[in-house]
Visitor: 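Following this message is one structure expressed as structure tokens.
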2 protein chains.
Amino acid sequence: MPRNKSQNQQLRDERREQILSQALMLFAKRGLAATKITDIADASAISQGLMYHYFSSKEAIFVELISRAFDRLNQACRWLEEQSMPPLEKITFALTELLKLLDQDEHAACYHLLIAQATASDAIPDEAKAIILRENTFPYESISRIMAAGQQEGTIKQYDADQLALIFWTSINGLAIYKAVHGTKYLAPNVEILVGMFQSNHL
Amino acid sequence: MPRNKSQNQQLRDERREQILSQALMLFAKRGLAATKITDIADASAISQGLMYHYFSSKEAIFVELISRAFDRLNQACRWLEEQSMPPLEKITFALTELLKLLDQDEHAACYHLLIAQATASDAIPDEAKAIILRENTFPYESISRIMAAGQQEGTIKQYDADQLALIFWTSINGLAIYKAVHGTKYLAPNVEILVGMFQSNHL
DNA sequence: GTCTATATCCAGATAGAC
DNA sequence: GTCTATCTGGATATAGAC
């Protein structure tokens, strides 16, 4: 019994996802240039030639991953802003979830690392650069708005909201990298330490 | 008039330093794999072939830079520990200096970025890995000791000192990367925000 | 010491057999 | 759809001229 079109398509999609998943790990750990297409093929347990039936090039895989990474991140930010929670609680919630992700969800941690790596590197495809340029500011602005709202309430410290957002994300990025390096030996820091940067003292 | 031996040696050393300096910038921005030896040669205004009179390989340059980066960092940590300053002041001083460095000293910022990049990447020479493994813990331990001393005094928050040290360095790393990416558009955050993570509230 | 020219190697991408 | 074999380009490293 031959498979029909939609079944074939589904199989193809699954394989694609599998390749993307393996590529994500490798790119996150080694970077784009140092990851060979054979590495991805080996990790995906397919031949190198077959890779080109699913993706037109190594760079195409990278670009798709970068695009997805920002989609996830920006969607999460949008969701957070929409919640009816006091601003300080949103910040605490976000930090808690991010630390949990880094600690427990290898896949999610790699997405975060990919963003950190890609934004830090000059040596990425132009298309990826364009995505970063377009999408990267949103998470900063989103957190900045929440910080500003918290300052109105007096629950968040009265520094420049953009600076607070900057430190929010750079701290998370730094932790993501540390986790990637030290793996097992990493023990997640107490969320309260991070929250302490933003929370007003006089509560 | 022919130059004597020591003059020749000096010239040679200067050229070597020049190459290292250019390589540092490139490695920090693009990573090891994505930096071609011709890039370094071009930036140093010498031919590609001549590179091999000064260094045996691209990797050798990288290893020397990593080694120097840790020498600088660890020496600075040692110096800080030796000062007769209250612990909290040491932390504030260190953060102030690090932010100033990131903001104003391109060269120093690249060293920091190189460490961040190299520790984050799997795709570096074994020799570089060995250096990182050997040298990387010192800065963490050093800051952790200062944190612990501050806790004894009651000037620093009573969280696990290792966690505080971890956050200290990962925050700086995150900022270093952000700075590298956004360059001109980066405005250094207020030191007090960072200090606020560590300083006891009841002062 | 410095350059140009060249050998070697390896990774990305393609072609063609099954 | 999947593999193996091959082409091609580019980067490292070397050799040899000046």
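Heavy atoms only: backbone and side chains are in, while hydrogens, waters and symmetry mates are out. In the text below, chain A, chain B and the rest are named by the order of the sequence lines, each starting its count at 1.
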Visitor: Sequence neighbours left out, what pairs pass side-chain hydrogen bond (donor to acceptor under 3.5 Å, both in side chains) with at least one residue falling in residues 18-46 of chain A?
Guide: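 Non-adjacent pairs meeting side-chain hydrogen bond (donor to acceptor under 3.5 Å, both in side chains): zero.
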Visitor: Please report, to 0.1 Å, the donor-acceptor pairs under 3.5 Å made by any side chain of residues 128-140 of chain A, with sequence neighbours excluded.
Guide:
| unit_1 | atom_1 | unit_2 | atom_2 | d |
| --- | --- | --- | --- | --- |
| A:K129 | NZ | A:D122 | O | 3.3 |
| A:E135 | OE1 | A:N74 | ND2 | 3.0 |
| A:N136 | ND2 | B:H182 | NE2 | 3.2 |

Visitor: Can you list everything that forms a side-chain hydrogen bond (donor to acceptor under 3.5 Å, both in side chains) with A:E106? Sequence neighbours excluded, please.
Guide: none
Visitor: Whole-Å distance between D:dT12 C1' and B:F62 CZ?
Guide: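 It is 17 Å, rounded to the nearest whole Å.
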Visitor: Among residues 120-132 of chain B, which residues get a heavy atom nearer than 4.0 Å to DNA chain D?
Guide: none
Visitor: Among all residues two or more places apart in sequence or in another chain, which pass the side-chain contact (heavy atoms from CB on, under 4.5 Å) test with A:D13?
Guide: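 Only A:Q9 meet the side-chain contact (heavy atoms from CB on, under 4.5 Å) criterion with A:D13.
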Visitor: With a 4.0 Å cut-off on N to O distance, would you call B:R78 and B:E82 a salt bridge?
Guide: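 Looking at B:R78 and B:E82, the cut-off is not met.
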Visitor: Sequence neighbours left out, what pairs pass ring pair (Phe, Tyr, Trp, His ring centres under 6.0 Å) with at least one residue falling in residues 21-44 of chain B?
Guide: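 For residues 21-44 of chain B, and leaving out neighbouring residues, the ring pair (Phe, Tyr, Trp, His ring centres under 6.0 Å) pairs sorted by first residue read B:F27-B:F62.
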Visitor: Can you pull out the residues from residues 12-29 of chain B that lie within a 4.0 Å heavy-atom distance of DNA chain C?
Guide: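 Only B:R12, B:R15 qualify.
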Visitor: Counting Watson-Crick and G-U wobble pairs with both distances under 3.5 Å, what is the dot-bracket string for DNA chain D, 5' to 3', using [ ] for crossing pairs and | for pairs to another strand?
Guide: ||||||||||||||||||
Visitor: Compile the donor-acceptor pairs under 3.5 Å between side chains in residues 48-57 of chain B and protein atoms, sequence neighbours left out, one pair per line.
Guide:
| unit_1 | atom_1 | unit_2 | atom_2 | d |
| --- | --- | --- | --- | --- |
| B:S57 | OG | B:E59 | N | 3.4 |
| B:S57 | OG | B:A60 | N | 3.2 |

Visitor: Run through B:I143, B:L194, B:T155 and flag the one making a side-chain contact (heavy atoms from CB on, under 4.5 Å) with B:I91.
Guide: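 Testing each of B:I143, B:L194, B:T155 against B:I91, the sole residue satisfying side-chain contact (heavy atoms from CB on, under 4.5 Å) is B:I143.
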Visitor: Is the closest basic N to carboxylate O distance between B:K100 and B:E97 below 4.0 Å?
Guide: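 Answer for the salt bridge query: yes.
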Visitor: Can you name the residues that form a side-chain contact (heavy atoms from CB on, under 4.5 Å) with A:A149, not counting sequence neighbours?
Guide: A:P87
Visitor: Among residues at least two apart in sequence or on other chains, which ones pass ring-ring contact (aromatic ring centres under 6.0 Å, His included) with B:Y159?
Guide: none
Visitor: Does any part of the side chain of B:K179, heavy atoms only, come nearer than 4.5 Å to the side chain of B:H112, both counted from C-beta?
Guide: no
Visitor: So if I take residues 35-60 of chain A and measure heavy-atom distances to DNA chain C, which residues fall below 4.0 Å?
Guide: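 Nucleic-acid contacts, sorted: A:T35, A:K36, A:I37, A:Q48, A:G49, A:Y52, A:S57, A:K58.
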